[in-house]
K.L.:
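I have a structure here, written as structure tokens, and I will follow up with some questions on it.
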Amino acid sequence: MMAGDAGAAVLETKDEGPKIPDKNKTKFDVIIIGAGPSGYTAGIYCSRAGYDTLILSGILPGGQLVNTTEVENYPGFENGIMGPDLMIEMRKQSQRMGTTIIDDVAVDVDFRHKPFKVLTASEEYEGRAVIIATGANPRKLGLEGEETFAGKGVSYCATCDGPFFRNQDIIVVGGGDSAIEEATFLTKFATKVHLVHRRGELRASKIMQERALNNEKIKFHWDSAVTEIKGDQKMQQAVLKNLKTNEESTLDAGGLFVAIGHEPNTQLFKGQIDLDEDDYVVLKNKTHTNIEGIFAAGDVHDRNYRQAITAAAFGCMAAIDLDKYLTESADK
Ligand code: NAP
């Protein structure tokens, strides 16, 4: 940005540090629901474009990355960065641009009338436009050891964590496209990948199945479930149970990737925003929902990429489209 142009002037006026939220202020140009990479990026772009922007961050500001350890694949950090640190940086950057961030949970929305309303337990906020950036959560196995060893062997993202498990045996649980894609990807690093599936046939597409079934580094454990995850500082073993014979066996493995699907956080929008059969937000023209002025960004609509960098990019796209929408509605 050249000195003297409008963008530089905006930056100069925002250098006074993070904005302290005005507790009595309830009307904004833009409300962003969710504070993962997509929400914060949308906040940076909307505030920088001059819109009075509110982020309602939910219970866990930072989203899924707060539960991650090292992030090695987010550009700009030669030596990697810890997930929570990356999210703190994004939050501060958004605040520096002027975004108001309130660490509260949206419990209801009313998108039927303009201005749109987003409600928390104690407040009602109004926005001329809204970006839904509530993300998705990986489905969990529900085992005790799963939480104990999360980030210490147990992972929900092969692209993110696969390279940490070079030359080790790895377990993948699931039988859908994600599990097969992750198992195949993990053969690049693992000595052996053990695919554990609860049934005797895969749900994944035929072509992906064939590729995995022909891969000598993948061993299939059919009709099986992981019943226990064991270790000390890190995970070292998993107990498998054959669901037909009830026979138990122990596998030595440094990593366990849970790939049994995701659940988008869209409960709040049911009946107002078009969702697909798996409850992901349906988009038209890349970022627009079925309601003019309501946009969505990140894992709440994206079931394919699910990366911090792609979520951030979707947040940027939603903010640019929102800018166009608000500019055009002001002209009308
Ligand atoms: P998914 O298709 O819902 O498959 C989930 C798998 O996990 C199923 O095999 C299911 O077993 C198993 N499972 C569910 N709950 C379980 C539990 N509690 N314990 C053990 N296993 C459990 O989910 P996904 O694989 O994440 O795919 C989601 C969507 O994204 C799909 O539409 C998929 O086609 C798409 N996708 C596409 C690609 C690609 O094309 N490259 C890649 C990834 C995802 P059952 O089979 O017995 O139900």
Side-chain angles (χ1 to χ4, degrees), residues 63-64 67 73 134-150 153-162 170-188 193-215 218-229 235 238-249 251 253 255-267 274-283 296-311 314:
Q64 290 180 60
N67 295 323
N73 54 5
T134 45
N137 292 322
R139 241 179 243 142
K140 305 252 161 79
L141 290 170
L143 300 173
E144 211 177 288
E146 193 177 2
E147 218 165 288
T148 313
F149 295 109
V154 174
S155 169
Y156 300 87
C157 175
T159 315
C160 316
D161 298 333
I170 297 177
I171 297 168
V172 175
V173 184
D177 280 329
S178 295
I180 297 307
E181 193 171 68
E182 300 215 341
T184 307
F185 173 75
L186 288 167
T187 58
K188 288 179 196 222
V193 174
H194 297 270
L195 190 117
V196 179
H197 182 38
R198 64 184 178 183
R199 292 189 297 132
E201 62 180 308
L202 298 169
R203 180 181 294 276
S205 61
K206 284 279 172 284
I207 179 133
M208 287 172 74
Q209 286 195 31
E210 271 168 32
R211 213 172 290 152
L213 288 164
N214 290 325
N215 191 324
I218 304 178
K219 181 173 179 193
F220 287 82
H221 300 260
W222 301 108
D223 303 306
S224 297
V226 172
T227 53
E228 207 181 333
I229 304 166
M235 137 170 207
V239 178
L240 264 55
K241 185 178 176 182
N242 184 303
L243 300 171
K244 286 202 163 153
T245 62
N246 284 335
E247 202 179 307
E248 287 197 335
S249 57
L251 265 182
L256 185 148
F257 287 78
V258 182
I260 59 172
H262 282 73
E263 280 160 9
N265 297 316
T266 49
Q267 200 62 30
D274 285 351
L275 307 177
D276 70 12
E277 65 283 4
D278 297 320
D279 289 342
Y280 284 86
V281 173
V282 177
L283 294 182
D299 289 13
V300 75
H301 73 79
D302 165 39
R303 62 171 78 213
N304 287 317
Y305 302 105
R306 299 190 187 115
Q307 300 300 297
I309 185 71
T310 49
F314 283 128

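Position 1 is the first residue of the sequence; numbering continues from there. Any value given below was found using the heavy atoms of this structure, including those in side chains, with hydrogens, waters and symmetry copies removed. Each ligand, and each atom within it, is numbered from 1 in the order the structure gives.
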K.L.:
Suppose we screen for side-chain contact (heavy atoms from CB on, under 4.5 Å). Which residues come up paired with Glu146, at least two apart in sequence or across chains?
P.N.:
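Partners of Glu146 by the side-chain contact (heavy atoms from CB on, under 4.5 Å) criterion, ordered by chain and then number, come out as Lys140, Leu141, Leu143, Val154, Tyr156, Ile229, Val258.
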K.L.:
Do Ile171 and His221 have side-chain heavy atoms sitting under 4.5 Å apart?
P.N.:
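Result no, sub-4.5 Å side-chain heavy-atom pair not found.
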K.L.:
Between ligand 1 and the protein, give all atom pairs where both partners are nitrogen or oxygen and the distance is under 3.5 Å, as lines of names plus distance to 0.1 Å.
P.N.:
unit_1, atom_1, unit_2, atom_2, d
ligand 1, 9 (O), Gly175, N, 3.0
ligand 1, 9 (O), Gly176, N, 3.2
ligand 1, 11 (O), Arg198, NE, 3.1
ligand 1, 11 (O), Arg198, NH2, 3.4
ligand 1, 25 (O), Asp177, N, 3.3
ligand 1, 25 (O), Ser178, N, 2.9
ligand 1, 25 (O), Ser178, OG, 3.2
ligand 1, 26 (O), Ser178, OG, 2.6
ligand 1, 32 (O), Arg303, NH1, 3.4
ligand 1, 34 (O), Asp177, OD2, 2.6
ligand 1, 41 (N), Glu181, OE2, 2.8
ligand 1, 46 (O), Arg199, NE, 3.4
ligand 1, 46 (O), Arg199, NH2, 2.9
ligand 1, 46 (O), Arg203, NE, 3.0
ligand 1, 46 (O), Arg203, NH2, 3.3
ligand 1, 47 (O), Arg198, NE, 2.9
ligand 1, 47 (O), Arg199, NE, 2.7
ligand 1, 48 (O), Arg198, NH2, 3.0
ligand 1, 48 (O), Arg203, NE, 3.4
ligand 1, 48 (O), Arg203, NH2, 2.5

K.L.:
Strictly distance-based, threshold 3.5 Å: is any side-chain N or O of Asp274 a donor or acceptor partner for the main-chain N or O of Val282?
P.N.:
no
K.L.:
Is the backbone N or O of Pro264 less than 3.5 Å from a side-chain atom of Asp279, with the two atoms forming a donor-acceptor pair by type?
P.N.:
no
K.L.:
Do Leu213 and Phe220 come within less than 4.5 Å of each other through their side chains, counting heavy atoms only?
P.N.:
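Yes. Closest side-chain heavy atoms under 4.5 Å.
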K.L.:
State the NE2-OG distance between His194 and Ser224, to the nearest 0.5 angstrom.
P.N.:
12.0 Å
